[in-house]
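Note: hydrogens, waters and symmetry copies are ignored here, and every other heavy atom, side chains too, is used. Naming convention: chains lettered A, B, ... in sequence-line order (proteins, then strands); numbering from 1 in each chain.
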There are 2 protein chains.
Amino acid sequence: MNLDVAPLKKVSLSKQVADQLQEAILDGTLKADDRLPTEEELGQRFQVSRPTIREALKRLAAKNLIRSRRGPTGGTFVNHLDANELSDSLSTASTLFVSMNDISLEEVSTCRKELETLCFQLACDHASNDDIKNMEIALNTQEDPSISPEAFCAADVQFHRAIADATGNRMLSFVMYSLIEGLQPVANMIAYHYRAREVIINQHQRILENIKERDTNTAISVLHEQIDYLSQLHNEAQSNHQQKG
Amino acid sequence: MNLDVAPLKKVSLSKQVADQLQEAILDGTLKADDRLPTEEELGQRFQVSRPTIREALKRLAAKNLIRSRRGPTGGTFVNHLDANELSDSLSTASTLFVSMNDISLEEVSTCRKELETLCFQLACDHASNDDIKNMEIALNTQEDPSISPEAFCAADVQFHRAIADATGNRMLSFVMYSLIEGLQPVANMIAYHYRAREVIINQHQRILENIKERDTNTAISVLHEQIDYLSQLHNEAQSNHQQKG
DNA sequence: TATTGTTAATTTGTCTTACAAATATAACTT
DNA sequence: AAGTTATATTTGTAAGACAAATTAACAATA
């Protein structure tokens with residue numbers, strides 16, 4: 001007799017409640033902006049205590065699936081789950097992946113060259129006027145000399161996202177977001193170097209110009225120039241760090 | 001006077017605690033398998049009650065950053081955060097993105113053709129013997145006639161992941177995971193069709209053979225054949241659904 | 001009539017207290 | 001040596017109480 005056994009595992013009540021509510025969101029039973037029953041009612045329906053419901057709701061909140069507000073018109077609501085809402089999950093996952101698995105910048109750069117090359121090709125073909133405007137907005141923000149380092153990073157991410165969006169394929173945009181988010185530590189490094197900022201801004205200006213003119217090959221070669229520049233910058237920073245260390 | 005104001009926002013104590021603990025994980029203060037102080041101690045350190053700590057910990061658990069166990073050697077531990085651990089976050093995000101934004105199979109298929117074509121090129125160049133073995137294991141699982149639909153889906157995902165891993169670039173693998181996870185609903189559809197299973201298995205066998213022989217172009221054309229087959233299958237299922245509906 | 005101020009009701013957020021469940025280890029028994 | 005039991009510890013769940021935030025309704029005032 002061949003008896004396959006799996007390890008027994010008791011799942012906590014709060015996780016079971018969270019999983020069921022998540023399934024209701026996934027299968028469309030609960031829609032964006034729907035209001036969930038009060039914590040008291042949920043406790044009665046699931047036959048568990050209110051703190052258990054609260055713990056379940058915190059699980060969902062951590063995944064950005066829901067939000068809560070106090071007051072007579074308050075309650076717990078299902079979030080809109082477009083790419084912006086989901087980007088926090090992506091950001092966390094990507095950042096953790098890169099930092100806790102010692103992913104080198106070279107590995108990220110190689111991946112980036114492959115995927116962003118593809119994005120640039122599609123963006124040159126498909127970019128609408130709105131897409132171009134979004135790139136311009138991000139670039140204008142980056143060009144502001146009084147911008148804080150944090151805002152410079154955010155604008156950098158926004159510029160690359162705008163290009164991903166210009167591919168016209170939402171799934172591809174979404175997948176690219178996790179790559180772009182994984183670059184945050186690098187963007188952080190740039191933001192504090194004013195000379196590096198100038199170089200990046202200049203490259204983004206040229207990229208935008210080439211996308212407007214639908215000149216794919218030149219846009220891609222500027223991209224590669226930027227990726228190599230970042231690698232070099234990072235290597236120099238590492239050397240300086242070792243000399244000081 | 002030009003007065004820029006941002007909406008005031010009070011962040012709940014449980015979120016503040018969770019954010020601080022997450023930052024400690026991200027900045028390396030807390031490492032994989034580290035044991036956090038007990039809930040009682042955390043409450044004393046953060047000067048909040050134990051239920052507030054528990055709510056914060058549920059936020060982290062939902063992101064797979066920690067796990068808990070009862071008993072004298074139990075406690076709360078930081079998870080290893082390799083791609084497998086992070087794939088749950090990715091899976092949720094991708095599935096939600098696809099289902100709640102009405103992403104069509106065509107959009108997913110177009111994206112998949114572009115990205116998996118790239119993966120196949122790199123995998124044919126870089127696949128090691130271990131990589132090939134992982135593909136074989138996944139395919140062997142899929143070929144088992146007694147396999148449950150759920151396990152067939154899991155093996156399907158595993159096969160595609162093995163190919164992504166064979167590219168030799170961990171960042172690319174990671175990014176591909178979110179695409180592969182977004183295909184889950186489609187894989188679910190296949191798993192209940194025994195004839196479709198045979199077709200998929202045959203295609204995977206041919207793909208594996210071509211990767212072993214480093215024949216990139218043929219592997220890619222089989223991939224495209226599979227993607228088109230899935231689209232056709234999905235369209236037929238939609239037509240049947242409309243006639244019944 | 002329009003604006004400002006006050007009050008009441010509602011829901012989530014936090015806290016205190018108590019006990020249960022799971023778990024590993026030490027001690028005891030066979 | 002193997003099996004059983006008791007113990008201590010930590011997380012999991014529950015009950016009860018009160019605070020904070022918020023909106024709607026109502027009152028007062030210009």
Side-chain angles (χ1 to χ4, degrees), chain A residues 5-22 24-25 30 32-80, chain B residues 5-22 24-25 30 32-80:
Chain A
V5 293
L8 295 182
K9 198 161 184 193
K10 282 204 72 169
V11 180
S12 75
L13 293 180
S14 73
K15 187 166 194 307
Q16 290 180 50
V17 171
D19 288 346
Q20 283 189 49
L21 291 174
Q22 176 168 326
I25 292 171
L30 289 173
D33 292 328
D34 277 358
R35 184 175 176 278
L36 269 65
T38 66
E39 295 175 356
E40 197 73 51
E41 281 174 34
L42 286 170
Q44 284 164 11
R45 289 193 192 189
F46 283 104
Q47 289 289 303
V48 296
S49 73
R50 189 177 151 222
T52 301
I53 293 294
R54 294 188 52 76
E55 290 182 10
L57 295 179
K58 295 300 177 288
R59 289 172 184 270
L60 298 179
K63 299 183 181 184
N64 265 339
L65 299 184
I66 62 166
R67 66 186 182 270
S68 303
R69 199 180 58 210
R70 302 191 235 194
T73 60
T76 303
F77 300 86
V78 179
N79 276 336
H80 283 275
Chain B
V5 293
L8 295 181
K9 201 165 187 185
K10 283 206 68 170
V11 180
S12 75
L13 292 180
S14 73
K15 186 165 194 307
Q16 289 181 50
V17 172
D19 288 346
Q20 283 190 49
L21 291 174
Q22 177 168 325
I25 292 171
L30 290 172
D33 292 325
D34 276 359
R35 183 175 176 281
L36 269 65
T38 64
E39 295 175 353
E40 197 73 51
E41 282 174 32
L42 286 171
Q44 285 164 9
R45 289 194 193 187
F46 283 104
Q47 288 288 303
V48 296
S49 72
R50 189 180 152 221
T52 300
I53 294 294
R54 293 186 54 76
E55 289 183 10
L57 295 179
K58 295 300 176 291
R59 289 171 183 272
L60 299 178
K63 299 183 180 186
N64 265 339
L65 298 185
I66 60 167
R67 65 186 183 272
S68 302
R69 199 181 56 211
R70 302 190 238 195
T73 60
T76 303
F77 300 85
V78 179
N79 275 337
H80 281 275

Visitor: Tell me: CD of A/E41 to C1' of C/dT10, nearest whole Å?
Guide: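 After rounding, the gap between these two atoms is 12 Å.
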Visitor: At a heavy-atom distance below 4.0 Å, what parts of residues 52-68 of chain A sit against DNA chain C?
Guide: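 Those residues whose heavy atoms fall under 4.0 Å from DNA chain C, taken from residues 52-68 of chain A in numerical order, are A/R54, A/K58, A/S68.
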Visitor: Take atom CG of B/L36 and atom C1' of D/dT11, then tell me their distance rounded to the nearest Å.
Guide: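 Spelled out: CG on B/L36 to C1' on D/dT11 is 13 Å.
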Visitor: Got a second to check how far B/Q47's CD is from B/L42's CG, nearest 0.5 Å?
Guide: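 B/Q47 CD to B/L42 CG: 12.5 Å, rounded to 0.5 Å.
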Visitor: At under 4.0 Å between heavy atoms, how does the protein contact nucleotides 16-28 of chain C? Give one character per nucleotide, 5' to 3', with B, S or -.
Guide: B-B--BBBB----
Visitor: Roughly how many Å is it from CG in A/L13 to P in D/dT11, rounded to a whole number?
Guide: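 It is 17 Å, rounded to the nearest whole Å.
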Visitor: State which residues pass salt bridge (Lys or Arg N to Asp or Glu O under 4.0 Å) with A/K58; sequence neighbours excluded, sorted by chain then number.
Guide: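 Scan of A/K58 (salt bridge (Lys or Arg N to Asp or Glu O under 4.0 Å), adjacent residues dropped) gives B/E55.
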Visitor: Please report the distance, rounded to the nearest Å, between NZ in A/K15 and C1' in D/dT13.
Guide: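 Computing the A/K15:NZ to D/dT13:C1' distance gives 18 Å.
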Visitor: Nearest whole Å is fine: how far is D/dA14 P from A/E40 CD?
Guide: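 Spelled out: CD on A/E40 to P on D/dA14 is 13 Å.
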Visitor: How far does CG of B/L65 sit from CG of B/L21, to the nearest 0.5 angstrom?
Guide: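 Taking CG in B/L65 and CG in B/L21, the distance rounds to 10.0 Å.
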Visitor: Looking at residues at least two apart in the chain, or sitting in another chain, which of them share a side chain to side chain donor-acceptor pair (under 3.5 Å) with A/S49?
Guide: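 So A/S49 forms a side chain to side chain donor-acceptor pair (under 3.5 Å) with A/T52.
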Visitor: Report the nucleotide, chosen from D/dT10, C/dT11, C/dT14, that has the shortest atom-to-atom distance to any side-chain atom of A/T38.
Guide: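 In terms of side-chain proximity for A/T38, the closest of D/dT10, C/dT11, C/dT14 is C/dT11.
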Visitor: Can you list the residues that meet the salt bridge (Lys or Arg N to Asp or Glu O under 4.0 Å) rule with B/R50, with sequence neighbours excluded?
Guide: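 B/E39.
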Visitor: Taking only side-chain N and O atoms of B/T76, does any of them lie within less than 4.0 angstrom of OP1 or OP2 on D/dT11?
Guide: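 Yes, within the criterion.
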Visitor: Rounding to a whole Å, what distance do you find between A/F46:CZ and D/dT13:C1'?
Guide: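 Rounded to the whole Å, the gap is 16 Å.
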Visitor: Just how far, in rounded Å, is C1' of D/dT10 from CD of B/E39?
Guide: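 After rounding, the gap between these two atoms is 8 Å.
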Visitor: If you assign each of A/Q47 and B/G74 to its closest nucleotide in DNA chain D, which residue comes earlier from the 5' end?
Guide: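 Whichever sits nearer the 5' end wins; that is B/G74.
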Visitor: So, taking the atom named CD in B/Q20 and the one named CZ in B/R45, what distance separates them when rounded to the nearest 0.5 Å?
Guide: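 The CD atom of B/Q20 sits 12.5 Å away from the CZ atom of B/R45.
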Visitor: Got a sec: does the CZ of A/R35 have more than 12 other heavy atoms crowding it under 6.0 Å?
Guide: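 More than 12 heavy atoms, drawn from other residues, nucleotides or ligands, come within 6.0 Å of this atom.
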Visitor: Quick one: side chains of residues 72-79 of chain B, donor-acceptor pairs under 3.5 Å with protein atoms, not counting sequence neighbours, listed by atom name and distance.
Guide:
{"unit_1": "B/N79", "atom_1": "OD1", "unit_2": "B/R67", "atom_2": "NH1", "d": "2.8"}
{"unit_1": "B/N79", "atom_1": "ND2", "unit_2": "B/N64", "atom_2": "O", "d": "2.8"}
{"unit_1": "B/N79", "atom_1": "ND2", "unit_2": "B/I66", "atom_2": "O", "d": "3.4"}

Visitor: Is it the case that atom CD in B/E41 sees more than 12 heavy atoms from other parts of the structure closer than 6.0 Å?
Guide: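 Result for CD/B/E41: enclosed.
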